[in-house]
Each structure stands twice: as structure tokens, then as C-alpha cells.
Asks: 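Quick one: the structure is below, questions incoming.
Index from 1, following the sequence.
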Amino acid sequence: LIEKYQIGSSNYIFKNSGFKEYHSEKGATIFWQIDIAGNIRTGKIMLFNKTTGNRIKNPFNHINWIHIVMNYPNFNLEQCFFGEHLLNEHPNRTIAIVESEKTALIASVYYPELIWIATGGLSNLNQRNIKILKGRNVILFPDNGAYEIWKRKSECLGKTQRLMISKILENESIIPKSDLADFLINYPITAFQLSSMSLTD
């Protein structure tokens, strides 16, 4: 996964002016945004708890960007999908879109026959970014509670794309606001693959 998605790590230490005595550990993850042409748009720096695997949000959200940390002059950010560089490797495979970069990584282990990419934020699911998927089969996987939002977006985007939207997380038994990774990690990978569970039901 590190090689496939070009995952990096950083010595960056998170600080916040509102928490003057707080300094984070080193070892944050870098999720590089590499576009379909192989250009690096930026990298998102995120710190995760080594025990739980969850993103650290206290005492503040531990997220920053490479272009901000490097202080590039006159930098013009145009984000792309995380994992977008994989699209040319398998031009006939169906593309699965989730919001979280971590979720794309985990889901790619459970369903390797799909190309998993992440928006990195709901606002990045837009006409500008999705135009590179024209002519491809695409499945959207919104987090629990976000189905209607993604459905409204898909109705606009679907005019030029072959889009489906999964309701797998719209279930009363699913933890509120959980994502696909939270659902999948409850299953041992081998047993899950043998079950042939459908993600589009």
C-alpha cells in the first residue's frame, strides 16, 4: 500500500497558538495528491494514533499541508483525488470513491478489483475533478449519514459519468458518522473475501 499509493511520513511537529505548551509527536503520515499525469499537486499531513489508528483531533485537528509547511511563494493549489495516479494503470476497472484517504487504503485491500480513490474532503467531489473519470464506471461510497448529500452531488455529476452510489452504510446497525473502513475492519480479510459481500446492495 505504501508503494502503490506513494504514502510518505513526516518529522513535522504540530503546534497550535491556542495550546502553547502542546507539541505533537513526529511521524505523521503524508497522503500525496498525485494527478493522472503524475504531477504532485500537494501532500496532506495527518497524525494518527499509533494504537487505535484513528486520526488525532485533540486538543486540535492534526492536519496540515506540504505547500503550507514548505511555504512555497505564489503557490496555486488545485487539488485532485488521492490515488488518481492509479487510474491509467487499469483503464477498464471500476473506480470507487470515498472521502477519507485512510478508507481508500483499507478498502483497496478488501476489494482489490476496484480502483480506490479519495476526495480528501466532500468539496473535492466536483465537476472539475471528476471530469477525468469520463467514460468510466464509478461507485460512490458516502459515510454514514452523508448519503443524501452525495446523492445530490451524484445527480449533478452523473450527467457525464456512469455513476452509482452505495447505501451499504445506510443501516440502523452502523455506527453514526462511521465510514467504509470502520465497517470493513470488523471482518478478517480472508473470510470477507470468501463471503463475496456486495458493496452496492
Asks: Do K4 side-chain atoms and L86 backbone N/O form a donor-acceptor pair below 3.5 Å?
Replies: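 The answer is no, because no donor-acceptor pair under 3.5 Å joins these two groups.
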
Asks: Nearest 0.5 angstrom please: L157 CG to L133 CG, how far?
Replies: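 Here the rounded value is 9.5 Å.
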
Asks: Considering only NZ, NE, NH1 and NH2 on the basic side and carboxylate oxygens on the acidic side, decide whether E78 and R128 come within less than 4.0 Å.
Replies: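 R128 and E78: not salt-bridged.
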
Asks: Could you see if F81 belongs to whatever hydrophobic cluster contains I66? Use Ile, Leu, Val, Met, Phe, Trp, Tyr and a side-chain cutoff under 4.5 Å.
Replies: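 No.
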
Asks: Starting from V109, can I reach F31 by hopping between I/L/V/M/F/W/Y residues whose side chains sit under 4.5 Å apart?
Replies: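 Yes, F31 and V109 fall within the same hydrophobic cluster.
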
Asks: Report the distance from atom CG of N39 to atom CZ of R41, rounding to the nearest 0.5 Å.
Replies: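 Rounded to the nearest 0.5 Å, the CG-CZ separation comes to 7.0 Å.
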
Asks: Indicate if I130 and I149 have the same hydrophobic cluster label, given that clusters are the connected sets of ILVMFWY residues with side-chain heavy-atom separations under 4.5 angstrom.
Replies: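 Yes, I130 and I149 fall within the same hydrophobic cluster.
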
Asks: Which atom names give the shortest non-hydrogen contact between F14 and A28, and what distance separates them?
Replies: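 Shortest heavy-atom separation between F14 and A28 comes out as CE1-CB, 3.9 Å.
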
Asks: Counting N and O atoms only, with roles assigned by atom type, does the side chain of Y110 sit under 3.5 Å from a partner on the main chain of L184, one being a donor and the other an acceptor?
Replies: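 At least one qualifying donor-acceptor pair exists.
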
Asks: Is the side chain of E25 donor-acceptor paired with the backbone N or O of L47 at a distance under 3.5 Å, no angle test?
Replies: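 No: the side chain of E25 does not pair with the backbone of L47.
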
Asks: Can you name the nearest heavy-atom pair linking L163 to S154, along with the distance?
Replies: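 So the two residues come closest at CD1-O, 3.9 Å.
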
Asks: Using only atom types and a distance under 3.5 Å, with no angle test, would you say the side chain of N54 pairs donor to acceptor with the backbone of N49?
Replies: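 Pair absent, no side-chain N/O of N54 close to backbone of N49.
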
Asks: Is L77 close to H67 at the side-chain level, that is, under 4.5 Å between some pair of heavy atoms?
Replies: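 Counting from C-beta outward, H67 and L77 do come under 4.5 Å.
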
Asks: Checking the side chain of N61 only, and the main-chain atoms of I63 only, is there a donor and an acceptor separated by less than 3.5 Å?
Replies: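 Checking the backbone N and O of I63 against the side chain of N61, no donor-acceptor pair under 3.5 Å is found.
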
Asks: For the atom pair OG (S166) and CG (L180), what is the distance rounded to the nearest 0.5 Å?
Replies: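 Between atom OG of S166 and atom CG of L180 there are 7.5 Å.
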
Asks: Would you kindly confirm whether I13 and I56 end up in one hydrophobic cluster when ILVMFWY residues are joined by side chain heavy atoms under 4.5 Å apart?
Replies: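 Different clusters.
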
Asks: When clusters are formed by joining ILVMFWY residues with side-chain heavy atoms under 4.5 Å apart, either directly or through shared neighbours, do L1 and M46 land in the same one?
Replies: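 Linked, L1 and M46 end up in one cluster.
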
Asks: So, using side chain to side chain donor-acceptor pair (under 3.5 Å) as the criterion, who are the partners of D182 when residues are at least two apart?
Replies: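 Result, side chain to side chain donor-acceptor pair (under 3.5 Å) vs D182: none returned.
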
Asks: Measure the shortest side-chain to side-chain distance between L122 and W150 over non-hydrogen atoms and say whether it is less than 4.5 angstrom.
Replies: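 The answer is yes, as the side chains (C-beta and beyond) meet within the 4.5 Å cut-off.
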
Asks: Sub-3.5 Å donor-acceptor pair from the side chain of N126 to the main-chain atoms of S123, do we have one?
Replies: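 Checking the backbone N and O of S123 against the side chain of N126, a donor-acceptor pair under 3.5 Å is found.
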
Asks: OG/S108 to CG/L114 distance, rounded to the nearest 0.5 angstrom?
Replies: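 CG of L114 is found 10.0 Å from OG of S108.
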
Asks: So, for I175 and S178, which heavy atoms are closest and what is the spacing to 0.1 Å?
Replies: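 What the structure gives for the nearest pair is O-OG, 2.6 Å.
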
Asks: For Q6 and E3, which heavy atoms make the closest approach, and how far apart are they?
Replies: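 In this case the closest contact between Q6 and E3 is NE2-O, 2.7 Å.
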
Asks: Would you check if the side chain of W116 reaches a backbone N or O of Y111 as a donor-acceptor pair within less than 3.5 Å?
Replies: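 Flag set: sc W116 to bb Y111 pair under 3.5 Å.
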
Asks: OG1/T29 to CG/L105 distance, rounded to the nearest 0.5 angstrom?
Replies: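 Separation between the atoms: 9.0 Å.
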
Asks: Distance-only criterion, 3.5 Å: show the donor-acceptor pairs between side-chain atoms of residues 136-148 and protein atoms not counting sequence neighbours.
Replies:
unit_1	atom_1	unit_2	atom_2	d
R136	NE	P91	O	3.0
R136	NH1	L87	O	3.4
R136	NH2	H90	O	2.8
R136	NH2	R93	O	3.2
N137	OD1	R162	NE	2.8
N144	OD1	K177	N	3.0
N144	ND2	L169	O	2.7

Asks: Roughly how far apart are S100 OG and I106 CD1, rounded to 0.5 Å?
Replies: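 The distance works out to 7.5 Å.
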
Asks: Does any part of the side chain of K44, heavy atoms only, come nearer than 4.5 Å to the side chain of W65, both counted from C-beta?
Replies: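 Yes, close enough: below the 4.5 Å cut-off.
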
Asks: Between E84 and I36, is there a donor-acceptor pair closer than 3.5 Å when you use the side chain of the first and the backbone of the second?
Replies: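 Yes, E84 side chain to I36 backbone: donor-acceptor pair under 3.5 Å.
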
Asks: Using ring pair (Phe, Tyr, Trp, His ring centres under 6.0 Å) as the criterion, list what pairs up with F60, not counting sequence neighbours.
Replies: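 In terms of ring pair (Phe, Tyr, Trp, His ring centres under 6.0 Å), with neighbours along the sequence ignored, F60 is linked to F19, Y22, H62.
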
Asks: Ignoring hydrogens and angles, tell me if any N or O in the side chain of Q33 forms a donor-acceptor pair with the backbone of T42 under 3.5 Å.
Replies: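 No; zero donor-acceptor contacts below 3.5 Å.
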
